[in-house]
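Data first, discussion second: the structure below is written as structure tokens.
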Amino acid sequence: MLGVFRGADLLAHWRLTTAREQTVDEYGVLTRNLLSLAGLDREGIGGVIISSVVPPVNWTLGEMARRYLGRRALFVEPGVKTGMAVLVDNPMEVGADRIVNGVAAFTEYGGPCIVVDFGTAITFDAISGKGEYLGGAIAPGLGIASEALFARAARLPRVELKDPGKVIGTNTVTHIQAGLYYGAVDMVDGMLARMKTELAEKHGAAEPPVVATGGQAKLVARGSKHIKFTDEFLTLKGLRLIWEKNPELAKGLAAEGGGIAPAPEARGKRGPTKGAR
């Protein structure tokens, strides 16, 4: 997910695939073209913040920001202020995106709350009433679960991931869709029910709101008993909030700057902060 903010206003956003083999120049040209199509001037980008859980692409994204946007990127990592205490056995193990989501969810919906992020994996994260990250769970994402099914069961056709409208299918396609969709919905609801019970017992949270984000959030939320909100821009909002909590780091990165790769300019609106998930 890539977005550009002016203050608290999200001016433009794009959902992109992370490609480990993509080069600095390929990411740079793509980003520059997207900004141009949105009528945004890359020289108007005042800062770049990145939350990445794919270490091999970190250098590539950072170098892309330096060369093509003229900014040193701020990565969400230890040493960056998030305003959220991480109360797990080893805070270093928690993915940056989960903390970013937690910061946004607590700010937008209050605490205690639960965040469900539908990505490559489905992550469940519990946030306390004080805005502390309590922990969570990780399950296989819908995409990799379906890919495993199709890869291991050669005679099963690939199908669109959707609600077939009934659990008892009447053909192979609806059989698979029912299993994938309702299996995912019930897994998510089962996990959320258990998390709510644990939060109530240990933290006195009667009915914490559940916010879902990520690619399949709206699809699963339609069948869920527990998901109350869907917010496709939750991660981008969290990145903006964390950027604002680190003015000194942001100022230092701006002072360092970086060379911009020569390219035709696209003049237009200016947006001060670019966030990438």
Side-chain angles (χ1 to χ4, degrees), residues 1 51 53 84-149 152 161-167 176-235 237-238 277:
M1 179 74 82
S51 167
V53 292
M84 178 164 286
V86 183
L87 307 183
V88 298
D89 297 339
N90 184 359
M92 299 285 287
E93 293 178 348
V94 182
D97 56 337
R98 301 174 75 179
I99 303 302
V100 172
N101 285 342
V103 169
F106 181 74
T107 302
E108 293 265 324
Y109 305 99
C113 64
I114 300 171
V115 182
V116 188
D117 190 349
F118 294 88
T120 303
I122 301 174
T123 57
F124 301 82
D125 299 298
I127 312 300
S128 77
K130 297 178 181 178
E132 304 156 322
Y133 180 85
L134 299 174
I138 302 174
L142 277 69
I144 59 175
S146 60
E147 283 299 320
L149 177 65
R152 296 298 184 94
L161 183 58
K162 59 180 287 188
D163 179 359
K166 55 186 178 182
V167 178
I176 298 171
Q177 288 175 333
L180 290 173
Y181 178 74
Y182 293 114
V185 168
D186 287 353
M187 182 277 288
V188 168
D189 272 357
M191 290 294 296
L192 290 174
R194 289 175 179 273
M195 289 182 76
K196 284 184 173 183
T197 298
E198 198 165 317
L199 281 171
E201 292 174 350
K202 296 184 178 180
H203 301 277
E207 189 60 33
V210 177
V211 55
T213 190
Q216 291 93 21
K218 290 183 179 179
L219 175 65
V220 176
R222 286 197 290 269
S224 171
K225 300 174 183 176
H226 294 285
I227 295 174
K228 188 174 182 181
F229 304 102
T230 58
D231 191 335
E232 64 177 311
F233 305 126
L234 191 70
T235 309
K237 291 175 181 177
R277 177 188 178 190

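Computed over heavy atoms, backbone and side chain alike; hydrogens, waters and symmetry mates excluded.
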Interatomic distance, [X] atom [atom1] to [Y] atom [atom2] [nearest 0.5 angstrom]:
| X | Y | atom1 | atom2 | value |
| --- | --- | --- | --- | --- |
| Asp189 | Lys196 | CG | NZ | 8.5 Å |
| Ile127 | Met84 | CD1 | CE | 4.0 Å |
| Lys218 | Ser224 | NZ | OG | 15.5 Å |
| Met1 | Ser51 | CE | OG | 12.0 Å |
| Thr107 | Lys237 | OG1 | NZ | 10.5 Å |
| Gln216 | Leu161 | CD | CG | 6.0 Å |

- Query: Under the side-chain contact (heavy atoms from CB on, under 4.5 Å) criterion, do Met187 and Ile122 qualify, and how do the steps go?
  - Reply: CA-CA 10 Å; Met187 182 277 288; Ile122 301 174; 3.7 Å; yes
Considering all heavy atoms of both residues, which atom of [X] and which atom of [Y] are nearest to each other, and what is their separation?
| X | Y | answer |
| --- | --- | --- |
| Ile227 | Ala221 | CG2-CB, 3.8 Å |
| Thr213 | Asp231 | OG1-O, 2.6 Å |
| Pro112 | Pro209 | O-CD, 3.2 Å |
| Ala105 | Val211 | CB-CG1, 3.9 Å |
| Ala96 | Val53 | N-CG1, 4.0 Å |
| Ile144 | Thr120 | CD1-O, 3.4 Å |

- Test Arg98 against every option in Asp117, Thr235, Asp125 by the side chain to side chain donor-acceptor pair (under 3.5 Å) rule and name the one that passes.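 Output: one option passes, namely Asp125.
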Is any side-chain heavy atom of [X] less than 4.5 Å from a side-chain heavy atom of [Y]?
| X | Y | answer |
| --- | --- | --- |
| Val116 | Val220 | no |
| Leu199 | Leu134 | yes |
| Val188 | Phe124 | yes |
| Tyr182 | Pro164 | yes |

Can a donor-acceptor pair be found, under 3.5 Å and without considering hydrogens, that links the side chain of [X] to the backbone of [Y]?
| X | Y | value |
| --- | --- | --- |
| Tyr181 | Leu219 | yes |
| Ser146 | Leu142 | yes |
| Thr230 | Ala212 | no |

- Item | Contacts of Tyr109 that satisfy ring-ring contact (aromatic ring centres under 6.0 Å, His included) - sequence neighbours left out |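 With sequence neighbours excluded, Tyr109 shows a ring-ring contact (aromatic ring centres under 6.0 Å, His included) to Phe229, given in chain and number order.
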